[in-house]
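First the proteins, then the strands, lettered A, B, ... as listed; each starts at 1. Hydrogens, waters and symmetry mates play no part in the numbers below; they use all other heavy atoms, side chains included.
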Number of protein chains: 2
Amino acid sequence: MATAMRLFHQRGYDAVGVAELCAALGIKPPSFYAAFGSKLGLFEQALRHYAAGPANIFARALEGGGGVDAVIGRTFREAARLYPACDGVAGCLVIDGARNSADAEARALGALWKADSRRAIRDCIAAEYPAKADRLADLVTTALAGMSAVARDGADADMLGDFAGVMERAFRAEAGRADD
Amino acid sequence: MATAMRLFHQRGYDAVGVAELCAALGIKPPSFYAAFGSKLGLFEQALRHYAAGPANIFARALEGGGGVDAVIGRTFREAARLYPACDGVAGCLVIDGARNSADAEARALGALWKADSRRAIRDCIAAEYPAKADRLADLVTTALAGMSAVARDGADADMLGDFAGVMERAFRAEAGRADD
DNA sequence: CATTATATATAGCGATCACTATATATTCTC
DNA sequence: GAGAATATATAGTGATCGCTATATATAATG
């Protein structure tokens with residue numbers, strides 16, 4: 001399972017074939033389909049596994065407690081620590097795993113988890129900044145999408161750490177800003 | 001040409017087949033290969049055409065003149081105007097056109113243009129902020145990557161406009177910040 | 001041990017991939 | 001108008017895609 005998740009994470013949904021997944025799992029196609037139903041079924045499990053584990057940076061940042069500013073700051077810093085390439089895996093599986101996939105269902109699955117993640121971020125922010133929860137949530141998710149993208153393009157931990165610092169300051173500035 | 005570029009832009013390099021490109025161009029495979037050499041050859045032309053046109057938001061922002069802060073601010077705002085979906089096309093072809101492609105050469109081509117674009121941004125910033133040109137350039141490219149990604153995921157002009165405003169303020173703040 | 005049920009492997013399904021060999025039509029030169 | 005050169009279309013190359021029908025091995029039950 002973790003092996004298959006790794007492959008999807010490394011190269012994206014389309015670029016990983018069922019044959020390769022079978023080889024990685026040490027099984028043959030019929031067993032693959034008996035176990036997961038379809039390639040999409042395995043991808044769904046991979047996303048679930050990913051979101052339930054330590055890669056769910058916002059969930060981890062939440063556990064640290066503190067106010068919204070602190071949680072969001074930790075979220076950015078966790079992303080900067082987790083996203084850079086490690087054993088060929090970079091960025092976020094949820095954000096980029098189904099990107100540019102030719103399979104509409106795979107894209108929809110990615111969108112579903114992205115929406116879920118955004119909702120969690122938004123709800124957290126709303127506790128302190130109800131009026132601007134949506135805009136601040138968009139700020140966070142867009143920044144994370146950028147971090148995942150450049151990480152997949154080769155950005156290292158230093159660069160992402162700098163960006164995380166910038167975004168943490170930007171978040172505090174925007175949260176405290178008077179509305180237009 | 002513009003038709004093929006549109007297809008790559010819409011769905012990414014891998015998700016567009018040669019057969020579909022031929023149909024869109026109104027030619028048959030042999031003529032396709034006589035004209036472009038390969039699918040990759042057409043993609044290269046598409047990237048060149050894209051970077052030479054109005055989609056090169058930084059080039060457009062530069063033409064407006066003014067200081068670095070103004071140019072970068074316009075860059076973000078132009079991205080917010082250009083990236084939202086229009087006729088099924090969203091985000092940036094250079095940033096996301098080859099993302100998750102199984103073809104290493106296509107990915108390399110995308111990386112090449114991304115590096116070129118980053119260099120232009122860096123050089124512009126260096127004129128006023130030589131000591132922190134690299135860090136500020138990373139700030140801009142990462143933000144643009146995030147904007148392209150969320151635009152491809154459905155973000156609208158309002159959302160991206162807000163983010164552009166945030167990033168413009170963040171850029172000015174970071175540019176004026178004392179070094180750590 | 002015989003029989004039934006379960007799970008595995010072999011092999012191959014049709015479809016699509018990027019790409020091309022061959023043949024036909026067209027255009028240019030003389 | 002005849003012949004040579006160019007460009008087009010038809011058709012199909014092997015490879016790979018996700019997926020499965022059939023057959024064989026294993027395990028559970030009587």
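Checking A:P30 against A:V16, the closest nucleotide of DNA chain D that is more toward the 5' end is the one next to A:V16.
Rounded to whole Å, atom P of C:dT16 lies 14 Å from atom CG of A:D103. One can place CZ of B:F32 at 11 Å from P of C:dT20, the figure rounded to the nearest angstrom. Computed from coordinates, the A:L25 CG to C:dT8 P distance equals 13 Å when rounded to whole Å. Atom CG of A:L7 and atom P of D:dG18 are 12 Å apart (whole Å). Taking atom CD of B:E20 as the reference point, atom P of C:dA15 lies 18 Å away to the nearest angstrom. The CG-P distance, from B:L42 to C:dC17, rounds to 15 Å in whole Å. Atom CG in A:L21 sits roughly 14 Å away from atom C1' in D:dT16 (whole-Å rounding). The CG-P distance, from B:D14 to D:dC17, rounds to 12 Å in whole Å.
Atom CG of A:L62 is separated from atom CD1 of A:I57 by 11.5 Å, given to the nearest 0.5 angstrom. We find the CZ-CD distance between A:R77 and A:E168 to be 4.5 Å, quoted to the nearest 0.5 Å.
The side chain of B:K39 lies closest to C:dA18, out of D:dG18, D:dA9, C:dA18. Of the candidate nucleotides C:dT20, D:dG18, D:dA9, D:dA9 has the atom nearest to the side chain of B:K28. Closest approach to the B:V18 side chain among C:dA9, C:dA18, D:dA11 is made by C:dA18 (side chain taken as heavy atoms from C-beta onward).
The phosphate of D:dT20 has neither OP1 nor OP2 within less than 4.0 Å of any side-chain N or O from A:Y33. For A:S31 and C:dT8, the shortest distance from a side-chain N or O to OP1 or OP2 is below 4.0 Å.
Ring geometry for A:F8 versus A:Y13: interplanar angle under 30°, hence parallel rather than tilted (30 to 60°).
Nearest heavy atoms, A:K114 versus A:I95: NZ-O, 3.2 Å.
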Exercise. Run the numbers on B:D138 and B:R122 for salt bridge (Lys or Arg N to Asp or Glu O under 4.0 Å), then give the verdict.
Key: CA-CA 8 Å; B:D138 287 336; B:R122 201 213 84 96; over 6 Å; no
